[in-house]
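The structure under discussion appears below in the form of structure tokens.
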Amino acid sequence: MRVRFAPSPTGIPHVGNIRTALFNWLFARHHRGSFIVRIEDTDIVRRVKGAVEAILDSLRWLGLDWDEGPEVGGDYGPYFQSQRLEIYQEVAQRLVQGGHAYLCYCSAERLEEMRREQVKRKQPPGYDRRCRNLSEKERADLEAQGIIPVVRFRTPLEGQVKFQDLIRGEVVFDSETLDDFVLLKSDGYPTYHLANVVDDHLMKVSHVLRADEWLSSTPRHMLLYHALGYGPPKFAHLPMILGSDRAKLSKRHGATSVIWYRDRGYLPQAMVNFLALLGWSLDDKTEIMSREELISNFSIERIGKTAAIFSQEKLAWMNGVYIRQLDIEELVEWLMPFLERGPPQRVKRPISRDYVRRIAPLLQERMRTLEEGVELADFFFLEELDYAPDLLLERGLSRERGVQALSAAMEHLKASSFDASSLEGVLRPLAAELGLKTGEFFGLLRVATTGRTAAPPLFETMAVLGRERCLKRIEEALERLK
RNA sequence: GGCGCAUUCGUCUAGGGGUUUAGGACACCUCCCUCUCAAGGAGGAGAUCGCGGGUUCGAAUCCCGCAUGCGCCA
């Protein structure tokens, strides 16, 4: 089996595009078939520089390796449609000669005018077929005017186009609702319809898994396959992924590119797992699945029919699950780059990996993304803490009691060993001695040592910070209270 | 405007004629654990299965209409 992911480089790929790629990839890997990447760069006006790299980067990040396509080549290349122009032109010519297509000389202005008229009369827009039956002479006249024609498909005027969709079942369209669509533009570039059909055939694609938005063009493709004498591939139209407003994903939805999630500290394995569950499910409860489990369980039969809304909340939760599954060394590996370029600019770099190794366990179950982890950890790296003095008394202590408690803590800490359990052994009795609830005392020390009311467990945190820094920070806290 | 597709908790979904007082997950709430925050555990609330007709002894599940949404056609 051979499947392909055929993106147009018209922008940064969003999660919907990549989910399509993922399903194709899962299908290929499940059946031990081939996963092909083909760049459909025939729309020169909408082409965006850097888009191809963004697409490839997205795939690479998620580990969706391709067997044929850009960079790796293959037996059916080239895999950029812009390098296959002659093929399409040749096919278009063949279609004209065979009577399945014809040359159209209508100007853009005329078509525009026609369309306006149709809309005004509330008729479905579509080419009025003026050039469908031009005589030799008429054509010669137009040609003599120097007009460069487009090639249009000679769509059957009646009958039906039927096909079996692997997800939707039988889909039927009346031919009369289809107009004579353009195959080859006047600049010699093919339209999506032509290039797509020709390449899927030439590249021996067996299954086309693509987004639902293409369902309406499928009858055109079927007609083309038929006219060309090609056997069509099997089709499976995937439910769309929508934004929170239920509209097709687009740039105005903001956070939709997978690159954005990568840069925000999401793990690729979490993204893959999450995306796989958008429109596909294994059963009524399994949610966390490894790449291997996804591959072995994936099947088109279990793809749903209804569009799904992309939920960042659930993705974040799942990412947290994956972060917690990492062993410390892996977590450190993921964290390092984020810490290196993370927020506090005052922190001196490079950052010590050994130090991070001690911090990571304290962060692990508190972060849903690596970026969150960095935010959580700032006080481990900052030289100077910055917080409002009132924070120290947040738990309702009086200033005097606060001063007294911090001073007592200082004294005891000077003598104590600085591992977590020793600290606990010293500090817990001290709270009782001071007549403070543990929450009050530890809360006070937490703010003093971290500048926060919420942080990882106090003793572990202090142990990592070390005696010197803790004493210095407590001292500073005392200043603040005075 | 035409055509197509879809419609189960706020969201992702299971479920495809009786096993369903419709199951799970996220989010939300409560409690437990607890030095805070998390994580974890136990509960809770949340869906007359879009609406209306049919078929059937019985329908979320099958059929037909309608509505709504989305998509394509420019």
Side-chain angles (χ1 to χ4, degrees), chain A residues 108 111-127 161 165 167-169 171-179 181 192-193 211-220 237-249 274-288 301-321 323-324 361-368 372-373 376 391 394-395 423-424 427-428 431 436-447 449-450 452-462:
Chain A
L111 295 172
E112 182 65 28
E113 171 66 19
M114 174 195 76
R115 223 163 271 134
R116 248 200 307 274
E117 192 61 25
Q118 289 168 331
V119 171
K120 208 166 75 187
R121 299 217 306 265
K122 297 197 185 260
Q123 289 177 339
Y127 181 56
V161 184
D165 185 278
I167 293 171
R168 265 61 230 201
V171 182
V172 184
F173 286 82
D174 287 324
S175 296
E176 60 176 345
T177 63
L178 272 25
D179 74 346
F181 54 99
Y192 168 81
H193 304 300
D212 204 25
E213 57 188 314
W214 298 109
L215 187 64
S216 303
S217 350
T218 309
R220 281 177 252 275
H237 287 89
L238 276 19
M240 310 258 298
I241 294 181
L242 308 175
S244 47
D245 57 356
R246 295 204 154 274
K248 189 176 167 182
L249 236 34
F274 182 74
L275 252 22
L277 257 18
L278 243 33
W280 176 86
S281 66
L282 172 58
D283 55 30
D284 58 343
K285 37 198 56 135
T286 315
E287 298 216 283
I288 304 298
E301 294 71 57
R302 292 205 59 85
I303 296 176
K305 296 183 203 301
T306 76
I309 292 173
F310 186 88
S311 160
Q312 282 199 235
E313 271 296 341
K314 188 153 182 176
L315 202 215
W317 162 77
M318 191 172 281
N319 200 57
V321 171
I323 284 179
R324 272 170 251 132
L362 303 181
L363 264 25
Q364 189 164 29
E365 64 191 29
R366 297 178 170 72
M367 59 175 162
R368 299 191 304 173
E372 270 180 22
L376 245 45
L391 217 51
E394 235 223 354
R395 308 217 59 174
L423 287 167
E424 178 161 19
L427 263 14
R428 207 174 273 282
L436 292 175
K437 289 180 190 161
T438 51
E440 292 173 320
F441 187 43
F442 297 163
L444 176 65
L445 286 171
R446 170 171 294 106
V447 174
T449 53
T450 70
R452 297 166 171 250
T453 54
L458 184 62
F459 314 122
E460 284 86 341
T461 301
M462 288 176 70

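Labels below follow one simple rule: chain letters A, B, ... track the order of the sequence lines, proteins then strands, and each chain is numbered from 1.
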Give the rounded distance in Å between these two atoms: [atom1] of [X] and [atom2] of [N].
X	N	atom1	atom2	answer
A:L215	B:A6	CG	C1'	11 Å
A:K305	B:U61	NZ	C1'	13 Å
A:L238	B:C72	CG	C1'	17 Å
A:H193	B:A74	NE2	P	7 Å
A:I167	B:G71	CD1	P	18 Å
A:K314	B:A27	NZ	P	9 Å
A:L178	B:C3	CG	C1'	9 Å
A:D283	B:G24	CG	C1'	9 Å

Answer yes or no: does a side-chain N or O of A:S216 lie under 4.0 Å from OP1 or OP2 of B:C73?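 No.
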
So does A:R302 get a side-chain nitrogen or oxygen closer than 4.0 Å to the phosphate oxygens (OP1/OP2) of B:G16? no

Which residues share a side chain to side chain contact (heavy atoms under 4.5 Å, CB included) with A:A316, sequence neighbours left out: A:Y266, A:R368

Taking only the side-chain heavy atoms of [X] (C-beta and beyond), determine which of [options] contains the nearest atom.
X	options	result
A:R168	B:C5, B:C26, B:U13	B:C5
A:V171	B:C5, B:G2, B:C73	B:C5
A:E287	B:A25, B:A14, B:G4	B:A25
A:D284	B:A74, B:G23, B:C3	B:G23
A:D212	B:C5, B:A6, B:A25	B:C5

Considering only atom [atom1], compute the distance from [N] to [M] and round it to an integer number of Å.
N	M	atom1	answer
B:A27	B:C49	P	27 Å
B:A25	B:G43	P	11 Å
B:G18	B:U56	C1'	12 Å

With heavy atoms under 4.0 Å as the rule, sort [X] into base, sugar-phosphate or nothing.
X	result
A:K285	sugar-phosphate
A:V447	nothing
A:G320	nothing

Protein-to-nucleotide contact annotation, 5' to 3' order, nucleotides 35-49 of chain B [B base; S sugar-phosphate only; - none; under 4.0 Å, heavy atom]: BBBBSS---------

Residue closer to the 5' end of RNA chain B, A:I309 versus A:D179 (nearest nucleotide): A:I309

